[in-house]
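Atoms within a ligand are numbered from 1 in the order they appear, just like the ligands themselves. Index from 1, following the sequence. Quick caveat: nothing in here was measured; it's all calculated off a predicted structure.
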Amino acid sequence: MYDLKDVIQNFKSGEFVIVFDSQSREDEADLILPAQFSTPDKISFVLNHAKGMFCVAIDKEIQERLNLYVPYNTKDSCTFTVTVDHKDTKTGITAKERSKTSKELANPNAMASDFKIPGHVNPVVAHEGGVLARKGHTEAAVELCKISELFPAAVMIEILDEKGNSHNKEYVKNLAKKFSIPITTIEEIEKYILLSHPTVQKEAEAELPTQYGKFKIFAFKNYFSQKEHAVLINQTFNPSQPVNVRIHSSCKTGDVFHSLRCDCHQQLEFFLQFMAENKNCMLIYLDQEGRGIGFANKIKAYALQEQGFDTYEANNLLGFDDDLRDYFDALHILRFFGIKKINLATSNPEKVSFLQDCGIEILKRISIPVVVNPYNRKYIHSKIFKKKHEILIKGEDKVENF
Ligand SMILES: Nc1nc2c(ncn2[C@@H]2O[C@H](COP(=O)(O)OP(=O)(O)OP(=O)(O)O)[C@@H](O)[C@H]2O)c(=O)[nH]1
Ligand SMILES: [Mg+2]
Ligand SMILES: [Mg+2]
Ligand SMILES: [Zn+2]
């Protein structure tokens with residue numbers, strides 16, 4: 001796979017890019033070209049080598065300006081508008097004429113009267129929320145234009161092999177190699193966006209006296225996911241010094257009801273006490289219940305665990321991956337405060353590696369001692385042996401005895 005920066009570089013200079021979507025979605029590859037760089041040769045190449053439906057992905061501004069009517073009930077599928085040809089084309093079907101139409105769709109001064117309906121080019125409108133809202137090729141194509149600082153219109157066509165199949169990865173890879181076309185994925189584009197733009201906004205802040213000590217509390221919100229996160233800091237706080245950070249995902253059963261099935265309450269209590277006794281601390285309490293599957297599903301997972309499955313198996317039986325959490329919002333909260341160096345209170349190696357990959361320096365890992373009981377033993381066992389958590393067991397128990 002290519003670094004997305006190289007892909008963007010290519011795209012910016014008017015070259016093709018191949019984008020795969022996820023295996024669980026269409027599992028297709030599209031050949032994508034910034035529409036403003038359309039030429040008869042490039043469109044002829046597209047028609048010869050990709051062979052799918054000839055589309056131009058556009059944003060809503062273009063659709064509205066050109067008054068491109070959407071005749072279908074689209075819901076979650078592609079928002080195809082009526083088909084068009086540029087008014088200066090004859091039949092509209094040749095590579096030269098489709099190139100003209102595509103290029104004119106990317107002309108900021110174009111007007112509705114510049115196009116004839118129906119035609120030989122299918123405009124398709126990207127969701128306004130981009131790939132964060134819908135993980136389709138249309139959104140990826142328009143998003144690629146935007147991050148490459150190009151006009152938000154892209155020629156987009158599925159790659160079919162010699163037999164007309166759309167799932168032939170080998171064929172796509174060979175095509176990419178033969179013509180030196182970089183390949184990327186919608187996931188990579190999404191990751192790039194999540195890293196380069198703040199995902200959360202600070203909504204409010206206030207004092208928070210607790211039984212542990214007096215803290216400040218902040219409310220952050222992610223407007224895409226609608227998730228609301230809580231952040232607690234010490235009253236005197238210096239982000240330019242190393243900050244002691246705990247990133248804690250919500251656990252209603254543990255944090256609120258002190259459930260013995262997990263170690264969440266022990267970890268939360270440890271850190272609140274730590275905050276009371278140490279300077280420069282921050283608790284980021286993330287709204288991602290049950291490792292991201294939500295409260296009701298977590299209780300369903302508990303019911304499966306009662307039949308003998310471990311936490312990850314239970315998730316899988318419910319149709320979820322092992323862990324659906326991500327730490328992009330936590331990263332942007334750290335960035336919001338200007339925090340670059342931290343000591344992180346966690347046993348979870350994924351939290352450590354994610355933040356390090358994003359440029360947060362982790363000076364030290366703070367171990368949280370955990371007491372094992374008959375109800376959380378299996379949960380802790382799976383975290384240690386399946387996910388390589390480094391858990392400090394408190395009391396008589398030892399990791400070796402598990
Ligand atoms: N799906 C599922 N989630 C669970 C289960 N038990 C606890 N959780 C969730 O697991 C998450 C634990 O979060 P954290 O304590 O932040 O993370 P961790 O992976 O334990 O790592 P550290 O605590 O940082 O060491 C919370 O979102 C809980 O709601 C379970 O049996 N199934
Ligand atoms: Mg597609
Ligand atoms: Mg935990
Ligand atoms: Zn828990």
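- Ile247 counts as a contact of ligand 1, since one of its heavy atoms falls under 4.0 Å from the ligand.
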**OP:** Evaluate the side chain to side chain contact (heavy atoms under 4.5 Å, CB included) criterion for residues His49 and Ile159: first the C-alpha distance (whole Å), next the side-chain angles of each, then the deciding distance (0.1 Å), finally the verdict.
**Re:** CA-CA 7 Å; His49 296 282; Ile159 300 174; over 6 Å; no

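- Atoms of ligand 1 found under 4.0 Å from any heavy atom of His248 (numbered from 1 in listed order, with element): 16 (O).
- Residue contacts with ligand 1: Arg325 is included, with a non-hydrogen atom under 4.0 Å away.
- Remark: the Tyr171 side chain and the Asn165 side chain contain no N/O donor-acceptor pair separated by less than 3.5 Å.
- Neither the backbone nor the side chain of Lys387 comes within contact range of ligand 1; no heavy atom lies under 4.0 Å.
- For the ring pair (Phe, Tyr, Trp, His ring centres under 6.0 Å) test with Phe218, the passing option among Phe237, Phe336, Phe337 is Phe337; the others fail.
- By the 4.0 Å heavy-atom criterion, Tyr302 is counted among the residues contacting ligand 1.
- For Ile293, every heavy-atom contact with ligand 1 shorter than 4.0 Å involves the side chain, none the backbone.
- Salt bridge absent: Glu361 and Lys340 never bring a charged side-chain N and a carboxylate O closer than 4.0 Å.
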**OP:** Mind running salt bridge (charged side-chain N to carboxylate O under 4.0 Å, His left out) on Asp85 and Lys100 for me, showing each step along the way?
**Re:** CA-CA 9 Å; Asp85 282 336; Lys100 172 74 178 164; over 6 Å; no

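- The side-chain hydrogen bond (donor to acceptor under 3.5 Å, both in side chains) search around Ser347 returns His389, not counting sequence neighbours.
- Contact annotation: Gln267 places an N, O or S atom under 2.8 Å from the Mg ion (ligand 3).
- Lys383 counts as a contact of ligand 1, since one of its heavy atoms falls under 4.0 Å from the ligand.
- Aromatic ring pairs are classed by plane angle as parallel below 30°, tilted from 30° to 60° and perpendicular above 60°; the pair Phe385 and His381 is tilted.
- Looking only at protein heavy atoms, the nearest one to atom 27 (O) of ligand 1 is Ser250 O, 3.0 Å.
- At a 3.5 angstrom cut-off on N or O pairs, Asp263 does not count as close to ligand 1.
- Shortest contact from atom 21 (O) of ligand 1 to any protein heavy atom: Asn348 CB, 3.3 Å.
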Original post:
Is there a side chain to side chain donor-acceptor pair (under 3.5 Å) between Gln9 and Glu15 once you walk through the steps?
Top reply: CA-CA 9 Å; Gln9 212 46 47; Glu15 297 296 327; over 6 Å; no

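- Counting heavy atoms closer than 4.0 Å to ligand 1, residue Ile368 contributes nothing at all.
- From the protein, the heavy atom lying nearest to atom 6 (N) of ligand 1 is Tyr379 CE1, 3.3 Å.
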Subject >> Chi angles and distances behind the side chain to side chain donor-acceptor pair (under 3.5 Å) call for Asn222, His332 >> reply: CA-CA 10 Å; Asn222 178 322; His332 288 289; over 6 Å; no

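- Using a 4.0 Å cut-off between heavy atoms, Lys252 makes no contact with ligand 1 at all.
- Looking at His248, its side chain never comes within 3.5 Å of a backbone N or O of Leu283 through a donor-acceptor pair.
- Of the options Lys298, Gln288, Gln267, Lys300, the smallest heavy-atom separation from atom 23 (O) of ligand 1 is shown by Gln267.
- Residue contacts with ligand 1: Thr311 is placed with no nitrogen or oxygen under 3.5 Å of a nitrogen or oxygen of the ligand (distance criterion only).
- Taking 4.5 Å as the limit, some side-chain heavy atom of Gln226 sits within range of a side-chain heavy atom of Lys221.
- Annotation: Tyr285 is not in aromatic contact with His229 [ring centroid separation under 6.0 Å not met].
- Residue Ala345 has no N or O atom closer than 3.5 Å to an N or O atom of ligand 1.
- Residue, atom and distance of the protein heavy atom nearest to atom 1 (N) of ligand 1 are Asn315 OD1, 3.0 Å.
- Between the side chains of Asn316 and Asp322, at least one donor N or O sits under 3.5 Å from an acceptor N or O.
- The salt bridge (charged side-chain N to carboxylate O under 4.0 Å, His left out) test applied to Arg291 returns no partner, not counting sequence neighbours.
- With atom 29 (O) of ligand 1 as the reference point, the heavy atom nearest to it among Gly254, Cys264, Gly290, Ser367 is part of Gly290.
- Note on the Zn ion (ligand 4): protein N/O/S atoms under 2.8 Å are Cys251 SG, Cys262 SG, Cys264 SG.
- Contact atoms of ligand 1 toward Arg246: 14 (P), 15 (O), 16 (O), 22 (P), 23 (O), 24 (O) (distance under 4.0 Å to a heavy atom of the residue).
- Checked options His265, Lys298, His258; the residue passing with Thr253 is Lys298 (criterion: side chain to side chain donor-acceptor pair (under 3.5 Å)).
- Residue, atom and distance of the protein heavy atom nearest to atom 24 (O) of ligand 1 are Thr346 OG1, 2.5 Å.
- With contacts defined as side-chain heavy-atom distances shorter than 4.5 Å, the pair Arg65/Met111 does not qualify.
- The single protein non-hydrogen atom nearest to atom 9 (C) of ligand 1 is Arg291 N, 3.6 Å, given as residue, atom name and distance.
- Scanning the protein heavy atoms around atom 31 (O) of ligand 1, the nearest turns out to be Gln305 NE2, 2.8 Å.
- Taking Asp59 as the reference, nothing meets the salt bridge (charged side-chain N to carboxylate O under 4.0 Å, His left out) condition, with sequence neighbours excluded.
- For Asn234 and Thr236, the side-chain atoms include no donor-acceptor pair closer than 3.5 Å.
- Contact annotation: for Arg261 versus ligand 1, there are no heavy atoms closer than 4.0 Å.
- The protein atom (non-hydrogen) at minimum distance from atom 25 (O) of ligand 1 is Ser347 OG, 2.6 Å.
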